[in-house]
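The analysis underlying the following values was restricted to heavy atoms, covering all of them including side chains, and did not include hydrogens, waters or symmetry mates. Protein chains get the first letters and strands the later ones, always in sequence-line order, with residue 1 at the start of each.
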2 protein chains.
Amino acid sequence: MPIQNLIAYFKDYFPLNTKEENDLAARFSERDFKRRQLVLQQGDVCRHFTFVISGCLKMYAVDQNGKEHNIQFVAENDWATDLSSFYSEKPSQLYIEAVEPTAALQIKHSDLLYLYTNHHKIDHNFRVIIEQKYIDLQNRVLQNISSSAEERYAYFLKQYPNLTNRLPNTQIASYLGVTPEFLSTIGKNLIYKS
Amino acid sequence: MPIQNLIAYFKDYFPLNTKEENDLAARFSERDFKRRQLVLQQGDVCRHFTFVISGCLKMYAVDQNGKEHNIQFVAENDWATDLSSFYSEKPSQLYIEAVEPTAALQIKHSDLLYLYTNHHKIDHNFRVIIEQKYIDLQNRVLQNISSSAEERYAYFLKQYPNLTNRLPNTQIASYLGVTPEFLSTIGKNLIYKS
DNA sequence: ATTATTTCTTAAGATACCTTATGGGTTACC
DNA sequence: GGTAACCCATAAGGTATCTTAAGAAATAAT
């Protein structure tokens, strides 16, 4: 039961009682995505919070030249949503796409607001979760402004060792903000260093 | 009364009742910082959430070569804290320093937890606040991985027009992740373009 | 299994950005 | 009001990273 994964995930933050669990379980629905299938596309309103049970999604933006820039990968026990579009209910600038066959749980805007309003603990948990994600993002900004591409790549490999094998290097390059060609030359150096 | 600024700020998110206002006001204390004074230094535990009433702070990390990298500027009606150190109560990797004479309000860890526990609305507000800051940070990451230094500088000027005049370009360069010399040559180009 | 598509590697030439250095202009501090 | 510290501009040469191209290897689709 996928919903059990979500409940277990939440309990790591703060234990839930039966009522909270049931209310949570009642408002998430299962959805599977094939490889390359879009969870969200630019121009659409992001209507769901998506929790990944298995598989992997990528969030990316497309620039004026049509190039994709990966903002984030979302694998097991992690959340994908365009927060800005989700809360404002305005069209998103982003895409979310499955890079592997992915099993997910989704909750609608109105249902999440219901949970926030009626369960302090769930509201609380989502604050703690996003604070952690904020810290990670802040570290990434620091990396971006202070480190070379090689250092950022080494950091990525260390931080996400499981993603390394599952993602093509072209996708990692986009995430790091370098070209795949340059990542390839960096990669060679790292092998000799490790 | 500085605390009125904070209450007004909160009310923009979600109205507070009298009890909430009073509880909030009772737990923040005023503190002023001179230019260059440190709010937090590396190695110390970050024991406060700091809300800026007037003035401006910078948060930065120092790398192995002793170079400072500005992660964030925090001006009026904004929050400065090392979230990671604050919640874990472990030594911080960051500095927070006043770049202008700054008036601030601070709340201790235990007092904030008290507010979270006893006032759902305050917990809720902090979630909404950090979600907005998360969105901003995510946009900054996107800029970093997809835009040239010149584009990032133009974006900064547009997004923070008031900070532009208050901060030396050396500080903005550090925030953008470029050298002051290079920012200087970029700056010239922007003048001709606008 | 075969074909089509995507991915990886390599290399040469171009560009963005950095380093170092220097001088002049501001701003802070006593 | 004077001195010291900081800040800005400019330039020459160096390094990191990008662009384009093309072939080989791996992976996905039929």
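- Note on A/Lys34: nothing from the nucleic acid sits closer than 4.0 angstrom, heavy atoms only.
- The aromatic rings of A/Phe126 and A/Phe49 stand perpendicular to each other, their planes meeting at an angle above 60°, with 30° marking the opposite boundary.
- Expressed to the nearest 0.5 Å, how far NZ of A/Lys58 lies from CD of A/Glu100 amounts to 12.0 Å.
- Between B/Glu100 atom CD and C/dT27 atom C1' there is a gap of 14 Å when expressed in whole angstrom units.
- Distance, B/Leu183 CG to C/dC17 C1': 12 Å, rounded to whole Å.
- Residue pairs meeting the ring pair (Phe, Tyr, Trp, His ring centres under 6.0 Å) criterion with at least one partner in residues 18-46 of chain B, sequence neighbours excluded, are absent.
- In this structure, B/Val45 is not a member of the same hydrophobic cluster as B/Leu113, with clusters built from ILVMFWY side-chain heavy atoms closer than 4.5 Å.
- A donor-acceptor contact shorter than 3.5 Å is absent between the side chain of B/Arg35 and the backbone of B/Pro101.
- Taking for each of A/Arg35 and B/Phe182 the nucleotide of DNA chain C with the nearest heavy atom, the 5'-most of the two is the partner of A/Arg35.
- Atom CG of B/Asn125 is separated from atom CG of B/Leu115 by 11.5 Å, given to the nearest 0.5 angstrom.
- When the ring-ring contact (aromatic ring centres under 6.0 Å, His included) test is applied to A/Phe156, the partners found at least two apart in sequence or on another chain are A/Tyr160, A/Tyr175.
- Under 4.0 angstrom from either OP1 or OP2 of C/dC18 there lies at least one side-chain N or O belonging to B/Thr179.
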side-chain contact (heavy atoms from CB on, under 4.5 Å) evaluation trace for B/Tyr114 with B/Arg27: CA-CA 9 Å; B/Tyr114 169 89; B/Arg27 282 174 175 77; 3.2 Å; yes
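- The interatomic distance linking B/Gln37 (CD) with C/dA28 (P) rounds to 17 Å, in whole Å.
- Counting to the nearest Å, the P atom of C/dC17 and the CD1 atom of A/Ile145 are 15 Å from each other.
- Proximity of residues 162-178 of chain A to DNA chain D (heavy atom under 4.0 angstrom from any strand atom) is restricted to A/Gly177, A/Val178.
- The residue among A/Glu181 and A/Ser148 whose nearest nucleotide of DNA chain D is located toward the 5' end is A/Ser148.
- Between the OG1 atom of B/Thr102 and the CZ atom of B/Arg31 there is a distance of 11.5 Å, given to the nearest 0.5 Å.
- Counting Ile, Leu, Val, Met, Phe, Trp and Tyr side chains that sit under 4.5 Å apart, directly or through other members, B/Tyr95 shares a hydrophobic cluster with B/Leu38, B/Tyr60, B/Val62.
- End-to-end axis angle for the helix from C/dA1-D/dT30 to C/dG23-D/dC8, using five pairs per end and rounding to 10°, comes out at 50°.
- Using a distance-only test at 3.5 Å, with no hydrogens or angles considered, no donor-acceptor pair links the side chain of B/Gln132 to the main chain of B/Ile129.
- On the nucleic acid side, DNA chain D contacts chain A at distances under 4.0 Å to non-hydrogen atoms, with the end points of that region at D/dT17 to D/dA28.
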